[in-house]
Every structure is written in C-alpha cells, then in structure tokens.
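What follows is a short report on a single structure.
Counting starts at 1 for both ligands and their atoms, following the listed order.
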Amino acid sequence: MADQPERRAKGAPVGRRAMLGMLAAGAAGLVAAPSLQSGWESFLGAASQKDPTGLTGLLPNPGGFRYYSIVGSVPRKNDGNYALTIGGLVDRPKTYTLPELRALPQTRVIGDAVCTDGWRVDNAPWEGVRLADLLDAAGVRDKGAAIRFTCFDGAYSESLTLEQARRSDVLVALKLQDKPISHVQGGPVRLYVAPMYFYKSAKWLSGIEVTEQVVPGFWEERGYPVDGWLDDADRTDGAA
Ligand SMILES: Nc1nc2c(c(=O)[nH]1)N[C@H]1C(S)=C(S)[C@@H](COP(=O)(O)O)O[C@H]1N2
Ligand SMILES: [Mo]
C-alpha cells in the first residue's frame, strides 16, 4: 500500500519525493512543477484500457480537478449506507446519516483547491456542515486537542489541530459547484479545508475522532507537513 503511486494510469507522474522538494521550495517550486502533460484526456485513454476502479463512467473531468486515490477501488456510498461517526474524546459520540447531515445548517465557502503536484482549481463553491458545529454538538472533552479523520476507502487518513478544525472555512462538505459531491470527488461526503493544501481535504470521509495529539495522516507519515497551510492563507481565520 505504501508504495502505490498516488496517480494511476499516467504517463510520467511526478514522484511524491520530487514534489516534497517543490513544496519545500514554496510558491516558486509550484510554478516550476512539471506540467501535467498527459492530463485528464490521456488518463481517460489509458484508464479505459486498464483502470481497475471503474470510475471512468463519471467523466468528463469535473471542472479542472484531477482524480486522486491511494487505493484502486472505493465502495460507493449513498443515502442508504453512508455513515459518519464522531467519537474519541467527546461527551456525545454520534453517527450521522447523509439525510441527517443535509438537515443541519449548511455553510458555503468559496475557496481554492491547490494540489502539491502543481495544479489548482480556484474559487470553487463548496457547501456543507461546519466541522466546528459537529464538534460542538459532540462536546469535545478538555483533553481533546486534535482530530483524526478516516475514510471509507479504508486507507486514507488526515489530521488537524482542534484550533484548525474549528475554523469557519473547514467543512464536512456535501456539495461542490452546487451539486452533490460525486463519488470520484470523494462523495457523498468529504472534508474541505480551505486554507490548506488539498491533501488535507480527505475524500470519502467516514470518521472524525477527537484525539489528545495530532496523529499524522497518510501523506504526513510519508513526509508531508502536518500543517498544510497555503502560502496565502490567513492563519487566524479572520472570517470567523
Ligand atoms: N481518501 C482520499 N482523500 C484524498 C486523497 C486520496 O488519495 N484519498 N488525495 C488527496 C490529494 S493529494 C488531493 S490533491 C485531493 C484530490 O481531490 P480530487 O480527487 O477530488 O481532485 O484529495 C485529497 N484527499
Ligand atoms: Mo494532492
């Protein structure tokens, strides 16, 4: 699992190690990142032959996003079988269904999606439940200081400090560009962490666990910064 390439069916993927160098180099490094020459169209061509995910039915390219998954196949979840569990250091652990999440107050955040691989999608409208609201409902205990996110792909994980998780621009997102988030984009529910690199925005979200300390996520265990702030991020959440 650890050695699986993040991008599948691509001609000349930029290695994660190389990307870390670019990430360390900051904005200039991102500008200098090799262009994704093969792109979505070639992904389609190759994928139709050998993509094991069966996801190619949901094309075309949704608005500039690239498809990422660290596993080959992810189960589909819907109103009937989706569940989001909030637990760990909380007073009121709870499992939400999709209709329950939809019934909560929805917040719209217009923000960027910036992948460390050098592509970005700016000013996309995301909608969903503020993570802060779910945490308040669960009642974070005094010892709780961080969040660990898990996913129903069975492999990916992410983390935030409690302070980051309480920001007004961190969503348990149900919609992107005014439509329910599609399966390929991590739906029906994914995290959207507007002020951080897109790897923080875990797709196929299924678990929110309040922990005492930050538990580094999948890419963070492999060298990515735990604090994934974008260069232009307002780290104080002035909007809150
Ligand atoms: N479950 C899961 N979430 C994930 C990833 C992943 O591989 N699995 N990749 C991350 C990375 S590196 C990026 S850039 C975005 C890509 O989201 P997209 O596939 O909707 O473009 O998802 C992030 N969240
Ligand atoms: Mo990414």
Side-chain angles (χ1 to χ4, degrees), residues 1-10 13-23 29-30 33-34 36 39-40 43-44 47 51-53 55-56 58-77 82 84 111-122 124-126 128 147-160 170-177 179-208 216-226 228-230:
M1 184 77 51
D3 292 333
Q4 283 203 356
E6 184 188 28
R7 271 196 311 277
R8 302 176 160 270
K10 240 171 90 39
V14 178
R16 278 278 148 179
R17 210 158 289 280
M19 286 317 307
L20 281 177
M22 295 175 196
L23 186 56
L30 287 177
L36 294 162
W40 190 261
F43 168 78
L44 291 192
D51 172 34
T53 66
L55 294 169
T56 48
L58 292 182
L59 304 170
N61 170 6
F65 291 89
R66 315 272 164 180
Y67 174 71
Y68 282 71
S69 175
I70 56 163
V71 299
S73 131
V74 180
R76 280 165 193 270
K77 301 279 185 180
Y82 177 78
L84 175 63
D112 303 338
V114 186
C115 175
T116 54
D117 281 3
W119 59 270
R120 59 188 297 152
V121 176
D122 287 341
W126 296 81
I147 317 287
R148 172 174 163 78
F149 303 93
T150 49
C151 306
F152 63 80
D153 63 8
Y156 203 75
S157 57
E158 254 307 331
S159 70
L160 289 174
V170 174
L171 298 182
V172 169
L174 307 177
K175 285 186 166 186
L176 168 59
Q177 285 154 342
K179 293 185 292 273
I181 296 178
S182 69
H183 176 71
V184 287
Q185 290 245 259
V189 179
R190 82 180 285 172
L191 195 64
Y192 178 57
V193 183
M196 295 194 177
Y197 279 99
F198 206 24
Y199 67 85
K200 300 296 292 190
S201 294
K203 300 166 73 169
W204 305 299
L205 184 66
S206 59
I208 296 174
F218 180 87
W219 284 121
E220 294 156 13
E221 280 183 317
R222 290 159 180 77
Y224 270 49
V226 168
W229 297 111
L230 293 170

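Every atom of ligand 1 is numbered from 1 in the order shown, and the set under 4.0 Å from a heavy atom of Phe65 is 21 (O). Each of the following atoms of ligand 1 lies closer than 4.0 Å to a heavy atom of Cys151: 1 (N). Residue Ile70 approaches ligand 1 through these ligand atoms, each under 4.0 Å from one of its heavy atoms: 7 (O). Near Asp153, meaning under 4.0 Å from one of its heavy atoms, ligand 1 places the atoms 1 (N), 2 (C), 8 (N). In the vicinity of Tyr199, heavy-atom distances shorter than 4.0 Å reach the ligand 1 atoms 10 (C), 11 (C), 12 (S), 23 (C). Interface atoms of ligand 1 facing Ser201, defined by a heavy-atom separation under 4.0 Å, are 22 (O), 23 (C), 24 (N). The ligand atoms of ligand 1 that sit less than 4.0 angstrom from a heavy atom of Tyr67 are 19 (O). Close approach of ligand 1 to Tyr68 is summarised as follows: ligand atoms under 4.0 Å from at least one heavy atom of the residue are 7 (O), 9 (N), 16 (C), 19 (O).
Under a 4.0 Å heavy-atom criterion, Glu158 is not in contact with ligand 1. Residue contacts with ligand 1 leave out Gly186, since none of its heavy atoms falls under 4.0 Å from the ligand. The closest approach between Phe149 and ligand 1 stays at or above 4.0 Å for every heavy atom of the residue.
Heavy atoms from both the backbone and the side chain of Phe198 come within less than 4.0 Å of ligand 1. Residue contacts with ligand 1, taken as heavy atom pairs separated by less than 4.0 Å, involve Tyr156 solely via side-chain atoms from C-beta onward. In Ser69, the part holding a heavy atom less than 4.0 Å from any atom of ligand 1 is the backbone. By the criterion of a heavy-atom distance under 4.0 Å, the side chain of Trp119, and not its backbone, is placed next to ligand 1.
Under the side-chain contact (heavy atoms from CB on, under 4.5 Å) criterion, Pro195 pairs with Arg167, Asp169, Val193, Trp229, Ala233, not counting sequence neighbours. Shown here are the salt bridge (charged side-chain N to carboxylate O under 4.0 Å, His left out) partners of Lys203, two or more places apart in sequence or in another chain: there are none.
A 4.5 Å side-chain heavy-atom check between Trp126 and Ile181 finds at least one atom pair inside the cut-off. Annotation: side chain of Ile208 is in contact with side chain of Phe149 (closest heavy-atom distance under 4.5 Å). Side-chain contact between Val184 and Phe65 is absent, with no heavy-atom pair separated by less than 4.5 Å. For the pair Val121 and Phe198, the minimum side-chain heavy-atom distance is 4.5 Å or more. Looking at Tyr199 and Glu220, their side chains come closer than 4.5 Å, going by heavy atoms from C-beta outward.
In terms of polar-atom proximity, defined here as any N/O pair under 3.5 Å, Trp204 makes no such contact with ligand 1. Not a single N or O atom of Trp219, backbone or side chain, sits closer than 3.5 Å to an N or O atom of ligand 1.
The shortest non-hydrogen separation linking Thr150 to Leu205 is O-CD1, 3.6 Å.
Ring planes of His183 and Trp204: tilted class, angle from 30 to 60°.
The cationic atom of Arg222 (NZ for Lys, CZ for Arg) lies less than 6.0 Å from the six-membered ring centre of Phe218 and within 45° of the ring axis.
Here the side chain of Arg148 pairs no donor or acceptor atom with the backbone of Ser157 at under 3.5 angstrom.
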